[in-house]
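See structure below.
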Amino acid sequence: IQPRNLVILGKSSKLKLVHCDDIFSHVPTLANSVTEIFVAENASVEYFKMQNNDNHSALISSTYFHQRDNSTITSHTISLNGGIIRNNLHVAINGENCESNLYGLYLPDKDQLVDNHTFVEHLKPNSTSRELFKGVIDEHARAVFSGRIEVKKEAQKTNAFQTNNNILLSDDATVNSKPNLQIYADDVKCSHGATVGQLDQEALFYMRARGIGEENAKTLLMYAFADEVITKISIDALREKICQLVNKRLKGELSICD
């Protein structure tokens, strides 16, 4: 299937959009999804993209945001499960005093692959972008984060920040992280960073010394790591549901998004 979604926000409008890919067919599937979101002056959109697919599925998801003056976009990409997932996010900040927030959480295990590519273009001055992507990778799974921020010469007074943090739960898990800044303006504040590590053994020992079983202690540490992304979700009922789904996923369980 190859769906295309087109969303156009008029001046000073607001939208919260929940988009869930939920595939449990147990047969090979390919979904190639494109979503375009145009955000006019003073408008704001919060886009929630949840992916909870069967291990036989392949999903290519491309999302394009186009911003005008004084607009705000916030994107949440929650990849709970799926055989192969590729997320392409492209933000064109073609206006002044804009705000762009990209948040992501991915939890692959077995032989799964989650591949996140982001591209934020600062085309006009006086705007801010933030990216925070976190991953917990287990067994033989692989994850990729490739984040590119480009600040054009005309985009003075730009603030752009990018962070990618990962936890590997096994010796066979792999993550490739590539933060990338291309800055052609000279009056900006920009930073990027990436970390790859394991669960904190001191914290794990501390919890076990107080009577918490090893598996529960590991789950609590993983959830605490993921919670920084989950807390960004502004819809209370959705945030509670994501909390439940993430908790089950970290225990190796699967459930339908509903």
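The figures here come from the full heavy-atom set of this structure, side chains too, leaving out hydrogens, waters and symmetry mates.
Looking only at side-chain heavy atoms (C-beta outward), Asp69 and Glu41 come within less than 4.5 Å of each other. Glu99 is listed as a side-chain neighbour of Asn101, based on a closest heavy-atom distance under 4.5 Å. Side-chain contact between Val188 and Asn159: absent, with no pair of heavy atoms (C-beta onward) separated by less than 4.5 Å. The shortest distance between side-chain heavy atoms of His19 and Met50 does not fall below 4.5 Å. The shortest side-chain heavy-atom distance between Asn116 and Tyr106 falls under the 4.5 Å cut-off.
Judged as a ring pair (Phe, Tyr, Trp, His ring centres under 6.0 Å), and not counting sequence neighbours, the contacts of Tyr103 are His76. A search for ring pair (Phe, Tyr, Trp, His ring centres under 6.0 Å) contacts involving Tyr206 returns nothing, not counting sequence neighbours. The ring pair (Phe, Tyr, Trp, His ring centres under 6.0 Å) check on Tyr47 picks up nothing, with sequence neighbours excluded. Take Arg68 and apply the salt bridge (charged side-chain N to carboxylate O under 4.0 Å, His left out) test, not counting sequence neighbours, and it matches no residue. Every residue meeting the ring pair (Phe, Tyr, Trp, His ring centres under 6.0 Å) condition with Phe145, not counting sequence neighbours, appears here in chain and number order: Phe133.
Between the side chains of Gln112 and Asn81, at least one donor N or O sits under 3.5 Å from an acceptor N or O. Side-chain contact of Asp115 with His117: a donor-acceptor pair under 3.5 Å is present, judged by distance alone.
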Show, in sequence, the C-alpha distance, side-chain angles and deciding distance for Gln67 and Ser100, and conclude whether the side-chain hydrogen bond (donor to acceptor under 3.5 Å, both in side chains) test is met. CA-CA 9 Å; Gln67 290 187 253; Ser100 307; 2.4 Å; yes
Apply side chain to side chain contact (heavy atoms under 4.5 Å, CB included) to Ile85 and Leu113, showing your working. CA-CA 6 Å; Ile85 296 176; Leu113 167 65; over 6 Å; no
Could you walk me through whether Gln162 and Asn164 satisfy the side-chain hydrogen bond (donor to acceptor under 3.5 Å, both in side chains) test, starting with their C-alpha distance in whole Å, then the side-chain angles of each, then the deciding distance to 0.1 Å, before giving a yes or no? CA-CA 7 Å; Gln162 182 187 91; Asn164 176 227; over 6 Å; no
Are His26 and Asp54 close enough, and set up right, to give a side-chain hydrogen bond (donor to acceptor under 3.5 Å, both in side chains), and what steps lead you there? CA-CA 6 Å; His26 303 298; Asp54 181 80; 2.9 Å; yes
Test log, rule side chain to side chain contact (heavy atoms under 4.5 Å, CB included), inputs Phe161 and Ser129: CA-CA 6 Å; Phe161 310 103; Ser129 68; over 6 Å; no
Let me have the donor-acceptor pairs involving side chains of residues 28-39, under 3.5 Å, with sequence neighbours excluded, atom names and distances please.
unit_1	atom_1	unit_2	atom_2	d
Asn32	ND2	Gln2	OE1	3.1
Thr35	OG1	Asn5	ND2	3.1
Glu36	OE1	Arg4	NE	2.9
Glu36	OE1	Arg4	NH2	2.5

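For the pair Lys16 and Phe48, the cation-pi test (distance below 6.0 Å, angle within 45°) is failed.
To the nearest 0.5 Å, atoms CG (Asn88) and OG1 (Thr118) are separated by 10.0 Å. Taking CG of Asn97 as the reference point, atom CG of Asn70 lies at 5.0 Å (rounded to 0.5 Å).
The one candidate from Asp21, Asp22, Asn87 that meets the side chain to side chain donor-acceptor pair (under 3.5 Å) condition with Gln51 is Asn87.
Between the side chain of Thr74 and the backbone N or O of Glu46, no donor-acceptor pair lies under 3.5 Å.
Heavy atoms of other residues, nucleotides or ligands lying less than 6.0 angstrom from CG of Asp187 number more than 12. In the displayed structure, Lys110 atom NZ is contacted under 6.0 Å by more than 12 heavy atoms of other residues, nucleotides or ligands.
A salt bridge does not link Arg148 with Glu121: none of the charged nitrogens is closer than 4.0 Å to a carboxylate oxygen. Using a 4.0 Å cut-off between charged side-chain N and carboxylate O, Arg208 and Glu214 make a salt bridge. The existence of a salt bridge linking Arg249 and Asp109 is confirmed by a sub-4.0 Å separation between a basic side-chain nitrogen and an acidic carboxylate oxygen.
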